[in-house]
There are 2 protein chains.
Amino acid sequence: MTPTDKSTDESTDGLDVVHQLRAVTVELDLFAAEFAHRNGLHPTDLRALICLLDAARARRPCTPGSLGARLGLNSAGTTSLVDRLERLGHVRRTRDPRDRRRVLLEVDERAVALGEAFFGPLIAQVAEAAAQLAEPELAAVRRFLTGVLEGVTARREDG
Amino acid sequence: MTPTDKSTDESTDGLDVVHQLRAVTVELDLFAAEFAHRNGLHPTDLRALICLLDAARARRPCTPGSLGARLGLNSAGTTSLVDRLERLGHVRRTRDPRDRRRVLLEVDERAVALGEAFFGPLIAQVAEAAAQLAEPELAAVRRFLTGVLEGVTARREDG
DNA sequence: CGATTTCCCTCGCTGAGCGAGATAATATCG
DNA sequence: CGATATTATCTCGCTCAGCGAGGGAAATCG
């Protein structure tokens with residue numbers, strides 16, 4: 001509503017950015033679904049692999065319980081998810097020697113390769129978009145995404 | 001790899017931005033799934049409503065066929081999706097008088113209200129993140145998101 | 001007009017995910 | 001130490017989203 005700038009009329013309240021962000025997530029979602037389907041996975045399976053790879057990267061042990069909680073599945077659903085991933089050779093179950101109730105999930109190289117096949121094109125694409133921006137602009141994008149992430153996460157946690 | 005700036009070591013290739021963008025989409029996905037569940041919908045139903053609201057906003061007529069194609073469902077799945085939405089009162093089926101094979105989907109006020117309930121908090125959240133940025137920075141975010149969107153869409157279309 | 005195509009629907013089925021409950025290992029308390 | 005509670009995972013039976021196959025009605029083509 002400030003007529004002092006030369007952009008469109010919805011530029012100041014960020015509504016258009018909301019719309020864009022939503023469009024991006026929809027497309028990324030469909031992209032993920034198609035990739036998953038081509039590789040004999042369900043969208044949930046792919047999301048699970050991403051979580052597992054994240055955990056592995058951060059040297060964080062991952063269990064069926066933590067995975068299911070992250071994905072919003074109950075224990076029965078989580079068991080069949082892990083069964084599926086194990087059957088496909090993406091993950092192995094190991095008993096935690098410290099607490100033998102727990103099962104530790106270890107990702108196989110196969111899953112790592114799949115993750116790279118999924119993220120490769122995406123990384124190239126985003127990197128290309130990022131390369132169009134000067135460094136201070138990229139920093140702004142980073143700050144923006146961080147803000148959105150923290151906000152949504154917080155909003156999700158208190159419902 | 002240009003040591004002339006003062007950011008982190010992964011700032012120039014945009015890898016961190018990829019990571020952030022992925023984290024945002026994961027959180028938004030979970031947010032959507034939880035919202036859908038609270039309102040007796042499936043994630044697909046919510047995505048369908050978003051498509052329908054988009055089409056309505058753009059004054060673009062929407063049919064089961066176009067909706068199913070957008071969501072990657074086959075015709076049987078699309079029928080049961082529309083059945084579900086109709087049963088919940090979110091959408092009405094009307095015959096297209098021009099081409100009586102076609103069914104036009106009209107969204108109910110109920111669906112509009114639900115869409116606002118879903119996007120309200122999200123808009124507030126993103127607007128807050130956007131408000132932290134000056135106008136040229138916001139323009140950069142816009143350009144970045146547009147680039148990602150176009151790239152992913154293009155990549156999706158040629159597989 | 002008949003043949004083909006387009007759009008949507010019905011039918012039967014598979015399997016992801018849920019609720020309930022079982023099992024086994026650990027923690028806690030008298 | 002044994003009894004009980006808690007935690008982590010799995011099993012069983014079920015519901016329903018989505019698929020493949022196929023059918024019927026309306027439009028289009030020759």
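This is a predicted model, so every value here is computed, not measured. Just so we're on the same page: letters track the sequence lines, and every chain starts at 1.
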Original post:
If you check the T63(B) side chain, which of dA27(D), dT9(D), dC8(C) turns out closest?
Top reply: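 Nucleotide nearest to T63(B)'s side chain: dC8(C).
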
Subject >> Selected nucleotide, minimal atom distance to H42(B) side chain, candidates dC8(C), dC10(D), dA17(D) >> reply: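 Within the option list, the nearest is dA17(D).
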
[X] bridged to [Y] by N-O distance under 4.0 Å:
| X | Y | answer |
| --- | --- | --- |
| E86(A) | R93(A) | yes |
| R47(A) | D29(A) | no |
| D99(A) | R101(A) | yes |
| R110(B) | E116(B) | no |

Side-chain N or O of [X] less than 4.0 angstrom from OP1 or OP2 on [N]?
| X | N | value |
| --- | --- | --- |
| R93(B) | dC9(C) | yes |
| R100(B) | dA26(D) | yes |
| T44(A) | dG17(C) | yes |

Distance, rounded to the nearest Å, where [X] contributes [atom1] and [N] contributes [atom2]:
| X | N | atom1 | atom2 | result |
| --- | --- | --- | --- | --- |
| L67(A) | dG17(C) | CG | C1' | 14 Å |
| L41(A) | dG17(C) | CG | P | 12 Å |
| L71(B) | dG18(D) | CG | P | 9 Å |
| D96(B) | dC8(C) | CG | P | 10 Å |
| H37(A) | dA16(C) | NE2 | C1' | 15 Å |
| D99(B) | dA27(D) | CG | P | 5 Å |
| R102(B) | dC9(C) | CZ | P | 13 Å |
| R98(A) | dA8(D) | CZ | C1' | 18 Å |

Original post:
Which part of the nucleic acid, if any, lies within contact of G72(A), taking any heavy atom under 4.0 Å across all strands shown: a base, the sugar-phosphate backbone alone, or nothing?
Top reply: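 Here G72(A) touches the backbone only, sparing every base.
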
**OP:** Would you classify R95(B) as touching base, sugar-phosphate or nothing, given that sugar-phosphate means primed atoms plus P, OP1 and OP2, and contacts are heavy atoms under 4.0 Å?
**Re:**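 Since no nucleic acid heavy atom lies under 4.0 Å of R95(B), the category is nothing.
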
Original post:
Among side-chain atoms of R142(A) and Q20(B), is any donor-acceptor pair under 3.5 angstrom?
Top reply: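 Q20(B) and R142(A) do not have a side-chain donor-acceptor pair below 3.5 Å.
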
Original post:
With ring centroids as reference points, do F118(B) and F31(B) lie under 6.0 angstrom apart?
Top reply: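 They qualify: ring centres under 6.0 Å apart.
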
**OP:** Would you jot down, in residue-number order, the residues of residues 73-85 of chain B having a non-hydrogen atom under 4.0 Å from DNA chain C?
**Re:**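 The stretch gives S75(B), A76(B), T79(B) as the residues lying under 4.0 Å from the strand, ordered by number.
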
Original post:
Can you check whether A111(A)'s main-chain N or O pairs, donor with acceptor, with D108(A)'s side chain at less than 3.5 Å?
Top reply: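 Such a contact is absent between D108(A) side chain and A111(A) backbone.
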
Original post:
Is any side-chain N or O of R101(A) under 3.5 Å from a base N or O of dT7(D), one able to act as donor and the other as acceptor?
Top reply: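 Flag set: donor-acceptor pair detected.
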
